[in-house]
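Residue numbers start from 1 in every chain, and the chains themselves are labelled A, B, ... in the order their sequence lines are given, proteins ahead of strands.
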Number of protein chains: 2
Amino acid sequence: MQLNKKVNGTSRTSSREKEEGTEQKIIAAARGIFQRKGMAGARMEEIAKEAGINKALLHYYFRSKEKLFEVIMSEAKMQMLSRLYPILGGDDSLFIKIEKFVESYISFVTDNPLLPGFILHEITMNPEKISEQLIKKGGRPNLSNFFHQVEAEIKRKNIIAVQPEQLFMNMLSMCVFPFVGRPMLQAVMNVNDKKFNQLLAERKKEIPKFIINAIKR
Amino acid sequence: MQLNKKVNGTSRTSSREKEEGTEQKIIAAARGIFQRKGMAGARMEEIAKEAGINKALLHYYFRSKEKLFEVIMSEAKMQMLSRLYPILGGDDSLFIKIEKFVESYISFVTDNPLLPGFILHEITMNPEKISEQLIKKGGRPNLSNFFHQVEAEIKRKNIIAVQPEQLFMNMLSMCVFPFVGRPMLQAVMNVNDKKFNQLLAERKKEIPKFIINAIKR
DNA sequence: TGCACTATTAACCATTTGGTTAAACAATGC
DNA sequence: GCATTGTTTAACCAAATGGTTAATAGTGCA
């Protein structure tokens, strides 16, 4: 038994529908189940079944639940962070950055609605272990660029005084929380799925407007 | 075996330190462990040990893990919601409401930092079952009061046009998210515990200022 | 004092669960 | 063809886990 990932390009088993290869099927299944149930709630058996394979084969590709989990988690973190730094670390003006960031982040999370809750929960369960690599993965944290820019705009009297950290937290909170807290928000506000989706879509424009209103002089 | 909760007032076992009664010790232990590990990650054995009792006694007081979980969850939901409605449903002016709400909510969550993440995660794992009672528990949802007030202020041209739902989501997001996403935020912003606590405390004033700035004409 | 009832425990049980093994199956090179 | 190597499975295993049982200790009260 060895863990060499297979080299095959086109040659496939005589199976009918799948053209992706076992490893990808496993990852896809694991992604879904881990995100839906969390590390503690996920079952190797269920992942195997959803991937259409045997449980033993799961351990043949990924030695343990932890190993498999780490693959999924590391992929998830990278996805989340890779949207974060490029925009905020770029050359745009502050207001443009805010607009681009919110638009990009909400679009992304709309396509991956379970991601934030998954990451946040697991990182809370295991802060040291998971947040250490947060820095390395997905590019070096470039927030200092953004923070300096905020301070510069304050000095130039273009915006009111606000701690960059607070501004960043506000922005991220408003983007991410509605996805993490969706079921609660819908229940509390008594809003159906369609209406809530519409609210989420509108937030791409609403949040930047809100933020810029809040800070501009 | 019966589940009668004991009637004793003062008479206690000859145990040394505890004066709270077994049931309360169990609930305290369960609260901590469920909040830290979640339903799926919690172990009955561990709860028993933390309560200083036998696992069998746990089942003597609360028949099953689910039953015990429901006690904790229902208590948690009530706590969260009981801060929500009274203030927003009250008679204060809009700006005062916002200030009171943010102040009260952040204070509360500061004292119970694991609560939001716990509730949000479990409600996501099991939306139907848990969010149904969200409405009943902790008083009827009084958001319509708040929503009408927002619309009235818009009409009176005291604030700019904004959907009440969006405003509410913004407010709740900024209050709650920093607690749910704390480990991630600290890692990403490279901020130590002390500094982060300070930021959180400052948010009690910062968020209302931010919101009011964003919406006032 | 002894009886009824509650509280508590050690030992036990059945199921679930992550993980392993040995053998069957393909595919590929020679 | 057949040996080699990688892939897949059914069966199995040990530990963990939620839950139960039967016996013990404690307490009030008739």
Please pick, from [options], the nucleotide with the shortest atom-to-atom distance to any side-chain atom of [X].
{"X": "B:Thr22", "options": "D:dG19, C:dG19, C:dT8", "value": "C:dT8"}
{"X": "A:Tyr60", "options": "C:dT20, D:dT7, C:dG19", "value": "D:dT7"}
{"X": "A:Tyr61", "options": "C:dG18, D:dT8, C:dT8", "value": "D:dT8"}
{"X": "A:His59", "options": "D:dG19, C:dG18, C:dT9", "value": "C:dG18"}

[X] has an atom [atom1]; how far is it from atom [atom2] of [N], in whole Å?
{"X": "B:Lys49", "N": "D:dG18", "atom1": "NZ", "atom2": "P", "result": "13 Å"}
{"X": "B:Leu57", "N": "D:dT20", "atom1": "CG", "atom2": "P", "result": "14 Å"}
{"X": "A:Met44", "N": "C:dT20", "atom1": "CE", "atom2": "P", "result": "10 Å"}
{"X": "B:Ile53", "N": "C:dT6", "atom1": "CD1", "atom2": "P", "result": "18 Å"}
{"X": "A:Phe62", "N": "C:dT20", "atom1": "CZ", "atom2": "C1'", "result": "18 Å"}
{"X": "B:Lys25", "N": "C:dA7", "atom1": "NZ", "atom2": "P", "result": "13 Å"}
{"X": "B:Lys65", "N": "C:dT15", "atom1": "NZ", "atom2": "P", "result": "19 Å"}
{"X": "A:Ile47", "N": "C:dT17", "atom1": "CD1", "atom2": "P", "result": "12 Å"}

- Task: For the pair B:Phe177 and A:Phe177, name the ring-plane relationship: parallel under 30°, tilted 30 to 60°, perpendicular over 60°.
- Result: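 Plane angle over 60°, so perpendicular.
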- Message: Students often mix this up, so state it plainly: with edges at 30° and 60°, are the rings of A:Phe101 and A:Phe168 parallel, tilted or perpendicular?
- Response: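 Tilted.
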- Query: Is the NZ or CZ atom of A:Arg83 both under 6.0 Å from the centre of the six-membered ring of A:Phe108 and within 45° of that ring's axis?
  - Reply: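 Yes; both conditions hold, so A:Arg83 lies above the ring face of A:Phe108.
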- Message: Would the base of C:dG19 count as contacting A:Lys55 through its side chain, where contact means a donor and an acceptor less than 3.5 Å apart?
- Response: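 Check passes, donor-acceptor contact within cut-off.
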- Identify whether any heavy atom of A:Ala42 sits under 4.0 Å from a base atom; if not, whether one sits that close to sugar-phosphate; answer base, sugar-phosphate or nothing.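 Answer is sugar-phosphate: A:Ala42 comes under 4.0 Å of backbone atoms only.
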- Identify whether any heavy atom of A:Leu58 sits under 4.0 Å from a base atom; if not, whether one sits that close to sugar-phosphate; answer base, sugar-phosphate or nothing.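 Nothing: the residue A:Leu58, judged by heavy atoms under 4.0 Å, touches no strand.
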- Message: Taking 4.0 Å as the cut-off, does a side-chain nitrogen or oxygen of A:Arg43 come that near to OP1 or OP2 on C:dT16?
- Response: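 A:Arg43 to C:dT16 OP1/OP2: no side-chain N or O under 4.0 Å.
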- Query: With the threshold set at 4.0 Å, does a side-chain nitrogen-carboxylate oxygen contact exist between A:Lys37 and A:Glu46?
  - Reply: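 Salt bridge between A:Lys37 and A:Glu46, a charged N being under 4.0 Å from a carboxylate O: yes.
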- Message: Exactly one of B:Arg31, B:Arg43, B:Lys55, B:Arg36 should register a salt bridge (charged side-chain N to carboxylate O under 4.0 Å, His left out) with B:Glu50. Which one does?
- Response: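 The residue from B:Arg31, B:Arg43, B:Lys55, B:Arg36 that satisfies salt bridge (charged side-chain N to carboxylate O under 4.0 Å, His left out) with B:Glu50 turns out to be B:Arg36.
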